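Report on the structure given below.
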Amino acid sequence: QVLEWPSQSPDLNPIENLWKELKTAVHKCSPSNLTELKLFCKEEWEKISVSRCAKLRETYPKRLTAVIAAKGGATKY
């Protein structure tokens with residue numbers, strides 16, 4: 001059975017959660033130029049733990065259920 005919304009849904013893609021966390025963390029560092037931005041991005045990316053990635057993978061069924069309930073609309077994820 002084919003889903004009625006694209007498989008590329010950001011609510012179903014764990015990397016979207018990581019991008020948001022990275023963006024928030026880098027923003028707190030207040031980079032003042034491109035060099036600092038690159039440095040802070042690398043530093044903050046390295047801080048993301050394997051367990052955080054595993055947690056996102058484990059919550060996939062909940063995110064999928066939420067997307068189905070929202071009929072492809074926005075979810076809290």
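Bear in mind that the values here come from a model prediction, so they are computed numbers and not experimental data. Along the sequence shown, the residues carry numbers beginning at 1.
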Hey, could you give me the CZ/CG distance between R63 and N17, rounded to the nearest 0.5 Å?
6.0 Å
Interatomic spacing from CD in E21 to CD1 in I15 - rounded to 0.5 Å
10.0 Å
With the 4.5 Å side-chain cut-off for hydrophobic clustering, are [X] and [Y] part of the same group?
{"X": "L56", "Y": "Y60", "value": "no"}
{"X": "L22", "Y": "V50", "value": "no"}
{"X": "L37", "Y": "I48", "value": "yes"}
{"X": "F40", "Y": "L18", "value": "yes"}

Write down the atom of A70, the atom of T75, and the distance for their closest heavy-atom approach.
CB-CG2, 4.1 Å
Shortest non-hydrogen pair, V26 vs E44, comes out as CG2-CG, 4.0 Å
Verify, without hydrogens or angle tests, whether S49 (side chain) and R52 (backbone) share a donor-acceptor contact under 3.5 angstrom.
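Yes; judged by distance alone, with no hydrogens or angles, the pair exists.
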